[in-house]
Structure formats: structure tokens, C-alpha cells
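One structure is given below, encoded as C-alpha cells.
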Number of protein chains: 2
Amino acid sequence: MRILLVEDESQLLNAYVKGLKQDGYAIDTASDGASAVELCEINTYDLVVLDINLPKLNGIEVLKQVRTLNKSVKIIIVSANRSIEQRIEGLDLGANDYLTKPFDFQELRARIRALLRRDFISQPKVLSINDFNIDLNLHQITYQGKMILLTLKEYTILTYLIQNRERIISSEELLEKCWNDEADPFSEAMRVHIYALRKKIQEATQRDDVIQTVKGVGYRFNP
Amino acid sequence: MRILLVEDESQLLNAYVKGLKQDGYAIDTASDGASAVELCEINTYDLVVLDINLPKLNGIEVLKQVRTLNKSVKIIIVSANRSIEQRIEGLDLGANDYLTKPFDFQELRARIRALLRRDFISQPKVLSINDFNIDLNLHQITYQGKMILLTLKEYTILTYLIQNRERIISSEELLEKCWNDEADPFSEAMRVHIYALRKKIQEATQRDDVIQTVKGVGYRFNP
DNA sequence: GCGTATATTAAGTTAATATTAAGCGAATTT
DNA sequence: AAATTCGCTTAATATTAACTTAATATACGC
């Protein structure tokens, strides 16, 4: 899942980035409205967190343009201004949720998860598929109760494959959803992660068909 | 857990601060209504203790604004005026509890704990997890009956990790919940405390996996 | 079998965390 | 009030783990 954070207070921004990366999202950032819109023209985000009080381009205007560019992206508006009017206007213009500053980071986290949930097969914080058990809180994946120790990137990839296990995921999509802007599209890094993942999964499950390769198409989680 | 104390009698204020810091809360203070609201705009508190009889901005007005800013914060109103009317009004406006002056500090302490309790797994004053025993009253942590001598900050951190042991806690969250306003967000101080904590825990338990590191994500208490 | 897509390794780079020692200031003691 | 202690923070360095790169090997469809 890929998220764009638009926020001009850089300190706040950094905190969000870190927190959300830990949840396995690929994060891009913009600190003003113009570059936010630019990024949305280039990339396809699943969700945008948009601070309404922005330099250069008014937040409401950014909201309109982003929504025009991408009808399905989820947008969470953040604002220090608690006037109800603005709140309504924001939702009318196509925002999906609204948060008033200051808010607890856990609150943001919960709402993001809630909004992205619809795209997933399963919604809760813990999903069980056959002998696999994924705890989204603990970043923990177990097989028959046995823990599979994964790095952050491995966890991100596997979670994405699992949450979209009804489809075959192309390398391009995996790259797009699990890496951010700076990722080199020609890099082989992803394959190395897949390899490491398979190794760890094989060790834990004695199976080596859990991540299937569909040549020329992509990868697929096979529970 | 982070608390804002709003009280214009500075002597009383200092006493509260000291007492509550002892309990491991991160404490900010304000001595008038205007600055209380300002602080709530900047920071996310878990709880606010609000004296209703305030200079500059009427306490009830402060209450309204604080509640508007943050729906989930717990608010305890303190007042010398025990008129039932005001009491009702306060609770109607979104306060969670009410104390009439003069009151015993232990009373305040108990109510704060009661209100913050819901965020925790376990509510009682003493929690036992495996061989660990945490007495929130005595600020004492023991392992197999053996006392682990901790400084205040160490106790605060460990208690937070223990009370949220079902999640991985990022450094950002730890900083947010265990330090107050003056904390430098780029400080490495927390890591030093973690180090000291681990050392003491290792000494007492002979185990060194009690505070686990999940690289790129955070820390976790592993009982 | 040929060519392309993917897998496998090992080595290199970067980022995150751990460790250590020194400094500072508040509180306590003498 | 000087000296001492203690807890907390700072800063510099070390260590570790994660991630990427790059080079080579294998597999698979045509």
C-alpha cells in the first residue's frame, strides 16, 4: 500500500513517515500543495493524508485536483481549524475522513487502516489463513503457531501478497506498493527479498510453493 | 502517558507535578486557561486535570475548547465550588470526572489511574506477568520476588512497554508518552535508558530478550 | 537449444541501534 | 555554601542488521 503525506511541518512529517513505514506502507511526502499534486500526477497512491493549511496552493484546491486525478484514492484531511463548515466542505469535495490537530498518532494509524481495509479481503488486525497467522500489530507472522522472523521489507511484501492473495501481483505492482519514490525500477532488490522470504518460509513450513512464481506475470501467495 | 495540569495556585501545582511524575507520567503545566488551550493545540495529552477557577479564560470555556480539540482526552475537573449545577455542567460538557477541593492527593492519583486504565491491558494496581511483578503503588518491579531497582525514567519506560505489551512500541511513541514538552525529538537519550534497563533486567533475570528490538519498528516487552 | 525471465550468491553500502564515557544540574549531605 | 551523589542527557564511536547491487546460475517457454 502506498501513501502520500502532505504536511508542511517537517518535524511532524518525519514522525508520521517513520510510524507509517513501520506499518509496512510505502510513503512519499510533499511539503506544499503544488508538489503534492505533481506527485499524484506521476504516482498512484492508495491513500493521501492532506494537511489543509498549506503554502503555495490552498489545501482545498489540492484536494479537488487530487480527487480529479484519481477517483479511488482515499483522502484523509488534517486540519488545525476546527470549524464545522470547513469540515463539511472537505467531505463534500471528496475527502474520506477528517482529523483535527492535534491528534494521537494511533488515531491516524487506525483511520488509515480503516480506510484501506475495504481493498483487502480481510479487515481485522489479526488474520488467519490456513496455518498462517498475521498479527498486524506485532508485525508478526506465524505458521502453526511457529513464529517466522521477518525483516521490515519482507514483512511488507508478504503482507501485501497475503492481503491480495486472490490475485497475481506483478513485480511492478509490488515495487509500486512496497517501495517509495526513491526505488530504482530496474533494481533486482525485490527478487532478493522474495528469495529471502521463501527461504524463511520454507524453513518454517517445509513447503516451497507458498510464494508462487507465475512467469511473465508475477507472484502469488498460496496458502 | 502524558498529562496536562492546569492550576493557578503554583504551590499546589508543584506538589501535583512532583507526585505525578513519581507515578511515571510525563507532565506539562499551565497556570491559566489561555495557555492551557494553546498547549492542547500543540500536544496530544492522554489526560488533563483542569481547575475550573482560572484567570484569563473561564474554566468551563477551556473545557469546551480542549474537548473540541481532542475527543479522546480524559478530563478531570477540579473546583472549590461544590455547587451541583456546575458539576453537572462540567460533565455535560465532556469532562470525565470531577473533584471538589480540598481533596487528598491520593484521591486524584486514584482517579487518574482509573481513567487511564482503559487504554491498558490490565487495570489493577499490581500486575503480574510471568515472573514479573509490577506494583504501580510502590513503583516497584520484581522478578521472582527479587526487586529490580530502577530510576524514575526507567520505571516509566518499562511500565509503558509492559502495559502495551501486545504491541510493538516505536521510539517516537515512547518519546511522546514518556517525556514532556522539553524532550528533544532527536535525542538519543531513550536508547541510553533502554540500555540501562536491559542491563538491570539482565542482572536480575539472567535473560536478555526481555526488551526486544524490532529493527525499523520499535521495542517490545517479552515476558 | 536460444533467449529471456527469474533465482541464487556473495559482497558492498547504508541505516538503525548499542555502547561508552563525559557533562550537567538538581537535590542532599556535610 | 562547598562537596557529593544521582539521574538524565549528550555526543562520539562501535556494532549490527537490513537493504541493495552486481555478478553468475538456473529454469522455462518458444
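Quick note on labels: first sequence line is chain A, next is B, and so on, each numbered from 1.
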inquiry  = The test is side chain to side chain contact (heavy atoms under 4.5 Å, CB included); show your working for Arg109(B) and Gln106(B) and say whether it passes.
reply    = CA-CA 5 Å; Arg109(B) 222 179 143 214; Gln106(B) 295 307 324; 2.8 Å; yes
query = Should Glu107(B) and Arg111(B) be marked as a salt bridge (Lys or Arg N to Asp or Glu O under 4.0 Å) after you check the CA-CA gap, both sets of side-chain angles, and the distance that decides it?
reply = CA-CA 6 Å; Glu107(B) 181 68 24; Arg111(B) 303 222 185 176; 2.8 Å; yes
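Rounded to an integer number of Å, the gap from Lys199(B) NZ to dA21(C) P is 9 Å. A straight line from CD of Glu172(B) to C1' of dT17(C) spans 13 Å, rounded to a whole angstrom. Taking atom NZ of residue Lys21(A) and atom C1' of nucleotide dA16(C), one finds them 12 Å apart after rounding to whole Å. Atom NZ of Lys200(B) is separated from atom P of dG7(D) by 7 Å (rounded to the nearest Å). Taking atom CG of Leu197(B) as the reference point, atom C1' of dA18(C) lies 14 Å away to the nearest angstrom. The separation between Asp208(B) atom CG and dA18(C) atom P is 12 Å, rounded to whole Å. In this structure, OH of Tyr155(B) is placed 16 Å from P of dG7(D), rounded to the nearest angstrom. Here dT20(C) presents its P atom at 17 Å from NE2 of His193(B), a figure rounded to the nearest Å.
With salt bridges taken as basic N to acidic carboxylate O contacts below 4.0 Å, one links Asp28(B) and Arg2(B).
Side-chain atoms of Tyr25(A) and Asp46(A) include no donor-acceptor pair closer than 3.5 Å.
For Lys215(B) and Glu188(A), each mapped to the nucleotide of DNA chain D holding its nearest heavy atom, the one lying further toward the 5' end belongs to Lys215(B). Remark on DNA chain D: of its neighbouring residues Lys153(A) and Asp184(B), the 5'-side contact belongs to Asp184(B), judged by nearest-heavy-atom nucleotide. Along DNA chain C, the nucleotide nearest Ile194(B) and the nucleotide nearest Gly216(A) are compared for position; the residue whose nucleotide lies closer to the 5' end is Gly216(A).
Relative orientation of the Tyr16(A) and Phe105(A) rings is parallel, given thresholds of 30° and 60° on the angle between their planes.
OP1 or OP2 of dT21(D) has at least one side-chain nitrogen or oxygen of Ser187(A) nearer than 4.0 Å. Proximity of Trp179(B) to the phosphate of dT9(D): a side-chain N or O atom is located under 4.0 Å from OP1 or OP2. At the phosphate of dC8(D), OP1 or OP2 sits under 4.0 Å from a side-chain N or O atom of Thr151(B). Within the structure, every side-chain polar atom (N or O) of Tyr195(B) is placed at least 4.0 Å from both OP1 and OP2 of dT9(D).
The Thr213(A) side chain lies nearest to dA7(C) when the options are dA17(D), dA18(C), dA7(C). Ranking dA5(C), dA7(C), dA18(C) by closeness to the Arg198(B) side chain, first place goes to dA18(C). The side chain of Arg191(B) approaches dA18(C) more closely than any other nucleotide in the set dA18(C), dA17(D), dT20(D). Looking at the side chain of Leu152(A), the nearest of the listed nucleotides dA7(C), dC19(D), dA5(C) is dC19(D). Checked against dA18(C), dT10(D), dA7(C), the side chain of Val192(B) finds its nearest nucleotide in dT10(D). Side chain of Tyr219(B), nearest nucleotide from dA7(C), dT20(D), dA18(C): dA18(C).
No side-chain donor-acceptor contact under 3.5 Å links Lys74(A) to the backbone of Leu116(A).
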